Amino acid sequence: MNTSFAPRRDTTPIGNGLDGAAIAERMMTRQGVQKLPSPKLDLFVLRGFLPKEICDVVIQQIDAVRRPSTISDPNGDAAFRTSETGDLDGRHPLVREIERQFTALSGLAPEYGEPLQGQRYAVGQEFKGHTDYFEPDGVDFDRFCSVAGNRTWTMMVYLNEPEAGGATRFKAVDKIIQPETGKLVAWNNRRPDGSLNPATLHHGMKVRAGTKYVITKWYRERPWG
Ligand SMILES: O=C(O)CCC(=O)C(=O)O
Ligand SMILES: [Fe+2]
C-alpha cells in the first residue's frame, strides 16, 4: 500500500513575507521542498516547480524583450552584472499562472510582488556577489524603495540548463545550486527578526558553455504600484 501523500495544503495568501516563519512553514507543506540546513539563511529548493514546456515559452518571451541588465548603487565595476533582462507581461495568462503558483507555494501575497523578470546569460556573463535587498544607505535607496519598501523574499526559477557554469553560489553558507530546468530557489532576504540578512549574498556565476535563463520575482514590504 502506498501511504505517501502530499500533506493537505492551504494556498490562501499570508502576506508580504516579513513573517518569514509563516512563509517557511507554508512552503514545507509542499511535497519535494528541501530546506537548506543552515541557521544563517532560510533557503528552499523545489525541483520540477515548472514543467519544461512552460519554461520554453517563457524563454521565448524573455528573448522578445531582453535588454542589458542594470544594477542599483553602481560600484564602479562595469562587469558586475553582464546579463540581459526581460520584463515579462503581467497580463499574459502564463505569467499570471506562474505568479499564482508562487503564491500557492509560499503564501506570499501577489500585491507585494514586483513584476516577474527574466534574465539571460550568454557565455562569460554573470551577476557578481550581491544581495537582493537595497542597501538602506545606498544612493539609490529612495528611488527604489520609497513606495513599496525594501525586498522581503526572492523566488527564482531556472528555465534551462546551460552546458557548463551558471550555478548560483551562496558564499556565506557554502552552498552552490546548479541550474536545472524548472527548479525553484526561494529565500528570505531577512533574518527572523525582520532585519536585512547579509548571509543572502549570492553570485550568479559565469556561464561557461550554452545559455542560461532564469525568472525572478521579488516581494516587498508594502504593495507594489
Ligand atoms: O542567475 C542567478 O543565478 C542569480 C540571479 C540573481 O541573483 C538576481 O537576478 O538577483
Ligand atoms: Fe540576486
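We count ligands from 1, going down the list as the structure has it; atoms in each ligand are counted the same way. These numbers come from a predicted model, not from an experiment.
- A cation-pi arrangement is absent between K175 and F170 under the rule of less than 6.0 angstrom and at most 45 degrees off the ring axis.
- Looking at D87, its side chain never comes within 3.5 Å of a backbone N or O of Q117 through a donor-acceptor pair.
- Contact annotation for T154 and ligand 1: no heavy atom of the residue comes within less than 4.0 Å of the ligand.
- Note on R100 versus E97: salt bridge recorded, some NZ/NE/NH1/NH2 to OD/OE distance being below 4.0 Å.
- Closest non-hydrogen pair, M27 versus A186, comes out as SD-CB, 4.2 Å.
- Annotation: atom 3 (O) of ligand 1 to nearest protein heavy atom, T168 OG1, 2.5 Å.
- With respect to atom 4 (C) of ligand 1, the closest heavy atom belonging to the protein is M156 SD, 3.7 Å.
- When the side chains of ILVMFWY residues are joined at heavy-atom separations under 4.5 Å, either directly or via intervening members, I62 and V207 end up in two distinct hydrophobic clusters.
- The nearest pair of heavy atoms linking G166 to P179 is O-CG, 3.1 Å.
- Counting only heavy atoms of the protein, atom 5 (C) of ligand 1 lies nearest to Y121 OH, 3.4 Å.
- Panel note: side chain T200, backbone N197; a donor-acceptor pair is recorded below 3.5 Å.
- Of the heavy atoms in F170, none comes closer than 4.0 Å to ligand 1.
- The N/O atoms of D132, backbone and side chain alike, include one that comes under 3.5 Å of an N/O atom in ligand 1.
- Between R169 and E126, none of the side-chain N atoms (NZ, or NE/NH1/NH2) sits under 4.0 Å from a carboxylate O, so this pair counts as no salt bridge.
- Contact annotation for H130 and ligand 1: only side-chain heavy atoms (C-beta onward) come within less than 4.0 Å of the ligand.
- Both tests pass for R81 against the ring of F127: distance under 6.0 Å to the centre and angle within 45° of the axis.
- Under the 4.5 Å side-chain heavy-atom criterion for grouping Ile, Leu, Val, Met, Phe, Trp and Tyr, L88 is not connected to V214 through any hydrophobic cluster.
- In this structure, atom 2 (C) of ligand 1 lies nearest to the protein heavy atom K212 NZ, 3.1 Å.
- Excluding waters, the set of protein N, O or S atoms lying under 2.8 Å from the Fe ion (ligand 2) comprises H130 NE2, D132 OD1, H202 NE2.
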